[in-house]
Number of protein chains: 2
Amino acid sequence: MPRTVLSPDEIDDFRERLVEAATGLVARRGYEGVTRRRLASELCCSPMTPYRYFSDKAEIFAAVRTAAYQRFTAAQEASTVDGLDALEGLDALGRAYVAFALAHPDAYRLMFELGQPSPDGFPELRAAELGSWTPLRQAMERAVEAGVVTGDPELLAHVFWAGVHGLVSLQLAGKLVFSRPIEELVEPMLRTLFLGNRGPAADGTAPEGEPSEIPNRERAT
Amino acid sequence: MPRTVLSPDEIDDFRERLVEAATGLVARRGYEGVTRRRLASELCCSPMTPYRYFSDKAEIFAAVRTAAYQRFTAAQEASTVDGLDALEGLDALGRAYVAFALAHPDAYRLMFELGQPSPDGFPELRAAELGSWTPLRQAMERAVEAGVVTGDPELLAHVFWAGVHGLVSLQLAGKLVFSRPIEELVEPMLRTLFLGNRGPAADGTAPEGEPSEIPNRERAT
DNA sequence: CGCATTTGTTGACAATGTAAATTTTACACT
DNA sequence: AGTGTAAAATTTACATTGTCAACAAATGCG
């Protein structure tokens with residue numbers, strides 16, 4: 001029988017401080033700069049101590065990413081202020097999304113970088129990941145109900161998501177060659193997403209009578 | 001005076017083989033799996049030999065990325081078949097973009113991953129990067145001239161780019177929770193991009209007839 | 001108090017990128 | 001041909017990483 005066991009509080013406390021330190025290190029020295037030994041020196045403990053609380057580095061990063069998702073989710077939810085109609089809410093959400101990503105590029109990278117290890121085996125991470133996605137889905141369901149956009153909410157949410165994510169992803173990767181600040185891209189992107197999904201019955205502007213000149217191949221390979 | 005010097009052809013040959021091997025390694029063992037020693041064993045040379053041809057690992061990856069951009073550019077240009085009008089051309093380009101990204105996820109990651117080292121100091125890489133961007137810009141200029149979309153071509157190209165990039169980026173990162181195959185997202189995305197920019201002004205100026213219910217704040221923080 | 005069990009530390013190991021030293025190779029000149 | 005010198009390639013060495021195993025310290029029940 002165990003004679004001495006760390007209380008859950010102590011464990012959580014240490015894990016939290018470690019995640020905090022790791023997050024700071026990522027922001028300060030980049031993803032590659034997070035070293036177990038550096039981490040230990042920040043926490044004033046020996047390099048192997050974190051192994052008592054995390055089985056390996058993957059688990060550490062899983063915790064860091066989980067925290068990032070939670071903060072991201074909170075930032076999105078904070079954008080939902082009262083008095084906004086469905087369209088304004090969606091717009092505010094999109095801007096909050098972009099603002100968070102630009103303000104915390106490293107956190108965003110941790111969350112959405114291609115090639116991050118999959119959350120398999122980390123249920124908390126998986127849950128946080130899904131959680132960060134629900135504000136948009138909810139806002140989209142509301143928007144569809146209100147009739148400001150038309151279509152399958154799940155599909156629409158993905159399209160919106162991809163739009164804003166693509167923007168910040170390219171920006172953070174330094175790929176944009178746009179001559180003006182990125183804010184002047186966010187506006188057109190959101191406008192595009194709204195106008196492009198207003199749907200046929202929204203206000204009669206784009207009636208079905210016009211089967212759209214949009215290419216509609218499906219059999220083209 | 002040098003008694004023996006590698007001919008430029010020999011140098012290029014070796015560099016090419018090395019880039020080839022590195023590309024294969026990235027595809028096979030992932031980005032982190034590219035090791036100088038593994039590279040050497042694939043090339044049947046000693047681990048330090050590549051240092052004669054590349055000053056460090058960053059330069060190796062710069063070459064790998066340059067090659068990837070060139071292939072990507074070629075794939076996009078190949079989508080421009082004759083007999084397509086401006087809209088069809090843009091559509092075909094978008095599909096070619098997605099197809100390439102999905103077919104070569106590692107190459108795409110190398111090109112567009114957030115946090116890849118910047119191309120500073122690698123003019124060839126920078127040029128290849130810019131080159132991969134011109135097919136879209138040209139197609140967009142053509143589309144604007146043809147009147148199928150309206151607005152500043154540079155801005156429109158960025159919006160389109162972000163749209164498709166966002167889609168493949170999320171897909172490759174395994175973030176999509178869409179219940180159906182991604183192809184069923186590409187179609188709506190392209191349709192959204194087209195429909196959302198058909199209007200008389202997508203550059204911030206509100207369309208005349210319809211004062212647009214789209215939120216148009218600018219001073220909101 | 002005694003001592004088993006937990007907690008934390010130290011040392012060691014393999015693999016990595018890189019630098020310096022060293023060996024091998026091949027051409028130019030006598 | 002023979003040789004010397006500079007280029008090309010290899011070998012050796014080192015610092016840093018993540019991880020494992022053995023070790024020391026502390027702690028609370030009997």
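In the text below, chain A, chain B and the rest are named by the order of the sequence lines, each starting its count at 1. What's counted below: heavy atoms across the whole structure, side chains too, no hydrogens, waters or symmetry copies.
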Go through dT18(C), dT7(C), dT9(C) for me and flag the one nearest to the M48(A) side chain.
dT9(C)

Rounded distance in Å - CG (L39(A)) to C1' (dT16(D))
16 Å

NZ of K57(B) versus C1' of dT18(C): gap in Å, rounded?
12 Å

Rounded to whole angstrom units, what separation is found between the CD1 atom of I11(B) and the C1' atom of dA9(D)?
14 Å

State whether E187(B) and R95(B) are salt-bridged, where the test is any N-O pair (Lys NZ or Arg NE/NH1/NH2 against Asp/Glu carboxylate O) under 4.0 Å.
yes

5′-ward residue of the pair R38(A)/S55(A) relative to DNA chain D:
R38(A)

Between the main-chain N or O of S132(B) and the side-chain N or O of Q76(B), is there a donor-acceptor pair closer than 3.5 Å?
yes

Any side-chain heavy atom of V26(A) within less than 4.5 Å of one from L110(A)?
yes

Inspect the surroundings of CD in E154(A) and state if more than 12 heavy atoms from other residues, nucleotides or ligands are less than 6.0 Å away.
yes

Within the 4.0 Å heavy-atom criterion, would you say T49(B) contacts the bases, only the backbone, or no part of the nucleic acid?
base

Using a 4.0 Å heavy-atom cut-off across all strands, classify S46(A) as base, sugar-phosphate, or nothing.
base

Which nucleotide in the set dG17(C), dT19(D), dT10(D) lies at the smallest distance from any side-chain heavy atom of Y51(A)?
dT19(D)

Please report, rounded to the nearest Å, how far the C1' atom of dA8(D) is from the CG atom of L18(B).
16 Å

Considering only heavy side-chain atoms of R36(B), the closest of dT19(D), dT18(C), dT10(D) is dT18(C)

Salt bridge flag under 4.0 Å for residues R17(B) and E20(B)
no

Closest nucleotide among dT19(D), dA8(D), dT10(C) to the R52(B) side chain:
dA8(D)

Regarding the side chain of T35(B), the nearest nucleotide among dT16(C), dT17(D), dT18(C) is dT16(C)

Give one of base, sugar-phosphate or nothing for F14(A), where a contact means two heavy atoms less than 4.0 Å apart.
nothing

dT17(D) P sits how many Å from E32(A) CD, rounded?
11 Å

